Amino acid sequence: MLEQKILNIKTRATGDIKKSQSEKGLFDLRVKYLGRKSEFNKILKSLKNLSLEEKKKIGPLANAVKKEIGEEIKNAEKIIKSKINLETEKIDVTAPGKKIKRGHLHPLTIVQNEIEDIFTSMGFEIADGPEVETEFYAFDALNIPKNHPARDAWDTFWLKPMNNEQRTMNNNKPVASDRLALRPHTSPVQARYMRKHKPPFRIIAPGRCFRNEATDSSHEHTFNQFEALVVGDDINAGHFKYVGQEFFSRFFKKELKVRLRPSFFPFTEPSFEFDISCVVCGGKGCSICSQTGWLEIGGAGMVNQTVFEAVGYPRNRYQGFAWGFGVERLAMMRYKIDDIRLFYSGDLRFIDQF
Ligand code: DAH
């Protein structure tokens, strides 16, 4: 009789669970069928009064049914929950979208990309060199004398001496000195490239440089330069002047003139400082060019034959021109920025303007 009672409870419970539509309903059913005051619990409690034989029969049945009812309720709860999720996760395609904040290129990157575009369209290749440079490439190969002040610790950030592993990475090249520095200019890339390539070639080498100096509105310890180098059988200063004029006219999107003034760099002979006609007044004279009509741009010259020798070319076999100057200066002229320190300041009020 007890057995029948238990089976009846099970049938009723299963029917009720199937009909239940809500989490609350299922909760109530759990109380009704399995709770402390439930008929089922009363039966379980009364088991202790049964004979041993009956206990053996009814006990396991009662437990199995209790477990089954519990599981049926649990499953029904899961189904209801997943239905609720589907309803709340409905997508309202008419709701206004969230605006995603997009970043943008740094002004120096914009300018560098433009420089690269102009030069590659003129048949130049882009070369690269390390920011940590050996004293050989940074100074010796460029014919910079041993006692030159640029080698001084006050101008150059020197690093600890090279160890054996680094010497191996340097292809065991005989280096005049093992000292390592943060490169103070991009000119070492000239020597690195020439050691690996035979003329004719034309390259530019943009990149970061470092100098151990006090900063002000036109000096920064970390800055970018780009180097240009063209070498062949009969390259002359006229080629330099033409390439310079073409580049700056395209960069500033107006016809500009290039002017050379005699100067001195150990790695060029002869050497020039070069100017472009003022991008603001066109050469008439204004406050930007201090009434001179010209803007100083950078250094250049015909590659010194001693540099060719240092990279393994025969003396007087080739001719070439080289130039180098600051990318920041170009960006400052383009965007009318009056303090170089803004570029690396991380100040979003500045950066967000580009
Ligand atoms: N390396 C020089 C500097 O940092 C700039 C320079 C001058 C580069 C003349 C050249 C050059 O290639 O021919 O001041």
Side-chain angles (χ1 to χ4, degrees), residues 115 119 124-131 133-145 148-152 154-157 181-195 197 199 201-213 215 218-232 235-244 247-248 258-276 295-308 310-311 313 318-330 340:
I115 293 171
F119 273 99
F124 281 68
E125 213 182 291
I126 295 163
D128 204 7
E131 289 174 0
E133 190 51 281
T134 63
E135 184 168 19
F136 173 75
Y137 283 113
F139 297 105
D140 298 311
L142 298 171
N143 194 35
I144 299 174
H148 196 283
R151 297 198 193 213
D152 202 274
W154 299 112
D155 284 314
T156 296
F157 290 111
L182 295 183
R183 65 175 177 194
H185 54 176
T186 44
S187 302
V189 186
Q190 292 187 27
R192 282 190 175 270
Y193 187 90
M194 287 197 280
R195 273 204 150 170
H197 299 84
F201 55 75
R202 25 189 146 156
I203 58 163
I204 59 163
R208 198 159 18 204
C209 305
F210 312 87
R211 281 185 201 174
N212 190 0
E213 61 185 4
T215 62
S218 52
H219 295 88
E220 181 58 289
H221 51 71
T222 302
F223 56 97
N224 290 267
Q225 282 194 335
F226 86 91
E227 199 80 11
L229 176 69
V230 176
V231 179
I235 300 298
N236 59 52
H239 293 120
F240 162 71
K241 222 178 155 186
Y242 172 76
V243 171
F247 167 71
F248 288 105
V258 168
R259 176 176 82 166
L260 310 186
R261 286 176 287 117
S263 184
F264 172 79
F265 298 101
F267 32 95
T268 46
E269 174 60 31
S271 305
F272 338 108
E273 295 283 343
F274 68 100
D275 308 328
I276 56 172
L295 297 171
E296 284 180 27
I297 291 288
M302 302 307 296
V303 180
N304 194 318
Q305 291 297 327
T306 309
V307 173
F308 284 146
V311 299
Y313 294 171
Y318 301 111
Q319 287 187 177
F321 72 76
W323 88 31
F325 62 86
V327 177
E328 279 81 354
R329 180 148 166 75
L330 273 196
I340 192 172

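Source: prediction; values computed, not measured. As the structure lists them, so they are numbered: ligands from 1, and atoms in each ligand from 1.
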### Query
Do Glu133 and Leu182 come within less than 4.5 Å of each other through their side chains, counting heavy atoms only?
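No, side chains not in contact.
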With a 4.5 Å cut-off on side-chain heavy atoms, are Phe265 and Leu142 touching?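 No, too far: nothing below the 4.5 Å cut-off.
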- Contact residues of ligand 1 with a heavy-atom cut-off of under 4.0 Å?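 For ligand 1, the contacting residues are His185, Ser187, Gln190, Arg211, Gln225, Glu227, Phe265, Phe267, Thr268, Gly299, Ala300, Gly301, Ala322, Trp323, Gly324.
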Sorted by chain and number, sequence neighbours left out, ring pair (Phe, Tyr, Trp, His ring centres under 6.0 Å) with Phe210 holds for none
Keeping the roles fixed (side chain from Arg211, backbone from Ala150), state whether a donor-acceptor pair exists under 3.5 Å.
no
- With no hydrogens and no angle check, is any side-chain donor or acceptor of Gln305 less than 3.5 Å from a backbone partner on Tyr318? yes
Taking Glu296 first and then Arg329, would you say they form a salt bridge - that is, a charged N and a carboxylate O separated by under 4.0 Å?
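Salt bridge between Glu296 and Arg329, a charged N being under 4.0 Å from a carboxylate O: no.
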